[in-house]
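Report on the following structure.
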There are 2 protein chains.
Amino acid sequence: MPKSNILTTGQEDAFEKACRDAGLRLTHQRLEIYRQLATSTDHPSAETLHQRLRRDNPTLSLDTVYRTLAVFAHHGIINKVETVESQSRFEAKRMRHHHLICSRCKEIIDFQWHHIDEAPLPEETRTWGRIDNKNVVIYGVCNKCLEAKKAS
Amino acid sequence: MPKSNILTTGQEDAFEKACRDAGLRLTHQRLEIYRQLATSTDHPSAETLHQRLRRDNPTLSLDTVYRTLAVFAHHGIINKVETVESQSRFEAKRMRHHHLICSRCKEIIDFQWHHIDEAPLPEETRTWGRIDNKNVVIYGVCNKCLEAKKAS
DNA sequence: GTGCGTGCAAACGGTTTGCATGCTT
DNA sequence: AAGCATGCAAACCGTTTGCACGCAC
């Protein structure tokens, strides 16, 4: 888990290109928000993101975070994550992956499952329409929370 | 797709037993809400459910629907569905299945994928904690919406 | 009769929006 | 210079909660 929110030059260039292609102005706020999200592994909510960003960008407002995330998601630069909770959670686009979600602490972590990525979809889904993406969501309780529960 | 919201005796008995086991009183409202949800194939939101129920139960309040759905979900009688939208969607517990969601009309439909149900989970998920359930969520645009878009 | 469940209305919390100003292009 | 992006504050909307009454047990 990287502590610093520093992107490689390649990632940064790719982001700038994505903005240009989408006709988005490259503002300081957008870059910071993207950086923070791209270096977060925990799929933060808008509010969490805002709190983290505030440390270095004290004037950044929460609604800019919301607006920016909506714009990024609309242009496919980031993803909103499927969840059962009321707060939306976000992630920067990255390698194909799936999610493990802890019902207790709400932590979301990624995992790979190539077997599923390559498995042919069942017939009934293929006649349904256009498929954009396919994700496995696993709910459960993580080890940390199982321990915590045992203790209490 | 059943048009009437009539449960078989077996389903109704199972529901009553589930309530008794959970220590829930069997009220008219709860039965109606469960019936409506169990005979809906479209994973309605609380509000949609309320509108449908109002036709036959004009005094039923929206907050009772919310409270009832929360209680049912808490006791595992129904499920909240993983979604990217802000409104929660619900379904009665039924056979193992997965979801196709149309990003345009928000319709959610079930599909079976035994191949995934039986596939062993990747190692990293097995060491993560306790797994309660595993769902595939597919996003895309359904045929009806593709047609509608073409027309416009 | 006891106390859980309901209806009502008001509060809540996450998210969105209108407007004036600022900054990218 | 032109107009998209931001910050602020107020509105919004789905959901939750406090309270008094009613109904299942």
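A note on names: the letters A, B, ... follow the listed sequences, proteins ahead of strands, and every chain is numbered from 1.
Within the structure, the side chain to side chain donor-acceptor pair (under 3.5 Å) test picks out the following pairs touching residues 70-90 of chain B (sequence neighbours left out): B:S45-B:Q87.
Between the side chain of B:R30 and the main chain of B:T68, no donor-acceptor pair closer than 3.5 Å is present. A distance-only check finds no donor-acceptor pair linking the side chain of B:Q36 to the backbone of B:L49 [under 3.5 Å]. In terms of modelled atom types and a separation under 3.5 Å, the side chain of A:H50 and the main chain of A:Y66 share no donor-acceptor contact.
The local environment of NZ in A:K93 is crowded, with over 12 non-hydrogen atoms from other residues, nucleotides or ligands closer than 6.0 Å.
Listed by residue number, B:L24, B:R25, B:T27, B:Q29 are the residues of residues 12-29 of chain B with a heavy-atom contact under 4.0 Å to DNA chain C. Contact check of residues 64-75 of chain B against DNA chain C (heavy atom, cut-off under 4.0 Å) returns B:T64, B:R67, B:T68. Listed by residue number, the members of residues 43-51 of chain A with any heavy atom below 4.0 angstrom from DNA chain C are A:E47.
Note: NZ (B:K80) to C1' (D:dT16) measures 11 Å, nearest angstrom. Note: CD1 (A:I33) to C1' (D:dG7) measures 12 Å, nearest angstrom.
Taking 4.0 Å as the cut-off between side-chain N and carboxylate O, A:D42 and A:R52 count as a salt-bridged pair. Look at B:R35 and B:E32 and you find a salt bridge, because one of the NZ, NE, NH1 or NH2 atoms lies within 4.0 Å of a carboxylate O, short of that distance. Salt bridge status for A:E147 with A:K144: absent, with no side-chain N to carboxylate O gap under 4.0 Å. Salt-bridge formation is not detected for the pair A:K17/A:D13: no Lys NZ or Arg NE/NH1/NH2 atom is positioned less than 4.0 Å from an Asp or Glu carboxylate oxygen.
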In sequence, state the C-alpha distance, the side-chain angles, and the governing distance for A:S40 and A:F90, and then conclude on side-chain contact (heavy atoms from CB on, under 4.5 Å).
CA-CA 10 Å; A:S40 295; A:F90 301 85; over 6 Å; no
If you apply the rule side-chain contact (heavy atoms from CB on, under 4.5 Å), what do you find for A:E124 with B:I109, and how did you get there?
CA-CA 11 Å; A:E124 49 183 325; B:I109 73 164; over 6 Å; no
Please assess B:H98 against B:D110 for the test side-chain hydrogen bond (donor to acceptor under 3.5 Å, both in side chains), listing each intermediate value before the final yes or no.
CA-CA 6 Å; B:H98 306 282; B:D110 292 348; over 6 Å; no
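Nearest-nucleotide assignment on DNA chain D puts the 5′-proximal partner with A:R30, out of B:D63 and A:R30.
Contact of the A:H28 side chain with the A:N57 side chain is registered, since non-hydrogen atoms from C-beta on lie closer than 4.5 Å.
Protein chain B contacts DNA chain C over a range whose 5' and 3' limits, counting nucleotides with an atom under 4.0 angstrom from a non-hydrogen atom, are C:dG3 to C:dA9.
For the atom pair CZ (A:R20) and CZ (A:F15), the distance works out to 11.0 Å, reported to the nearest 0.5 Å.
Ring-plane geometry between B:F72 and B:Y34 is classed as perpendicular, the angle between the planes exceeding 60 degrees on a 0 to 90 degree scale with a lower cut at 30.
Direction of the helix axis in the helix from C:dG1-D:dC25 to C:dT25-D:dA1 shifts by 40° between the two five-pair termini, rounded to 10°.
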